A.B. asks: 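Here you go, one structure.
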Amino acid sequence: MEITNELVDKLEALAKISLNSDEKEQVKAQLGELLEYMDILTELDIDGAEDYRRAQKVNNVLRSDEVQPSCDRELILQNAPERSGAFFAVPKAVEEGGK
């Protein structure tokens, strides 16, 4: 695939960036190098290579979903600087009326 000025212009538009002429030439050169490297990779013999999606094997690390007792509310509320009944009392963060 040849990297043309039209291709660079299209990529520039898709990326919503503006490149000057020196930057466009640099992008053309870099894309050309990248495609040359990709051509080298396509020549590799990968017959018999194991297909994998991750570099490390990962097992499900989630625990089973079991009902467990929750924390004692009174014990937790002992640490509250202020409380309102069975809840933590906190300062108002938003004034009424949106002001």
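Every value quoted in this text rests on a predicted model; they were computed, and no experiment measured them.
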A.B. asks: Hey, can you pull the donor-acceptor pairs under 3.5 Å for the side chains in residues 24-33, sequence neighbours left out?
C.D. replies:
from: K24; atom 1: NZ; to: D9; atom 2: OD1; distance (Å): 3.0
from: K24; atom 1: NZ; to: E12; atom 2: OE1; distance (Å): 3.4
from: K28; atom 1: NZ; to: N5; atom 2: OD1; distance (Å): 3.0

A.B. asks: By the salt bridge (Lys or Arg N to Asp or Glu O under 4.0 Å) test, which pairs, at least two apart or in different chains, include something from residues 36-45?
C.D. replies: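 The answer is none; no pair qualifies.
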A.B. asks: If hydrophobic residues (ILVMFWY) are linked whenever their side-chain heavy atoms come closer than 4.5 Å, directly or via other members, who joins L77 in its cluster?
C.D. replies: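 In the cluster with L77 are I76, F88.
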A.B. asks: Taking only residues two or more places apart in sequence or in another chain, which ones pass side chain to side chain contact (heavy atoms under 4.5 Å, CB included) with I46?
C.D. replies: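 With sequence neighbours excluded, I46 shows a side chain to side chain contact (heavy atoms under 4.5 Å, CB included) to L44, A49, given in chain and number order.
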A.B. asks: Report whether V8 and I17 are members of the same hydrophobic cluster (ILVMFWY, side-chain heavy atoms less than 4.5 Å apart, transitive linking).
C.D. replies: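 Hydrophobic grouping puts V8 with I17.
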A.B. asks: Run through the side-chain heavy atoms of Ile, Leu, Val, Met, Phe, Trp and Tyr, join any pair under 4.5 Å, and report what else lands in F87's cluster.
C.D. replies: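 Its cluster mates, by chain and number: none.
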A.B. asks: Please find the pair of heavy atoms, one from A89 and one from S84, that lie closest to each other, and give the distance.
C.D. replies: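 In this case the closest contact between A89 and S84 is CB-N, 4.1 Å.
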A.B. asks: To the nearest 0.5 Å, tell me how far I3 CD1 sits from L34 CG.
C.D. replies: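 Rounded to the nearest 0.5 Å, the CD1-CG separation comes out at 8.5 Å.
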A.B. asks: Under the salt bridge (Lys or Arg N to Asp or Glu O under 4.0 Å) rule, what pairs show up with a residue in residues 65-82, not counting sequence neighbours?
C.D. replies: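 Counting only pairs at least two positions apart or across chains, the salt bridge (Lys or Arg N to Asp or Glu O under 4.0 Å) contacts touching residues 65-82 are E74-R83.
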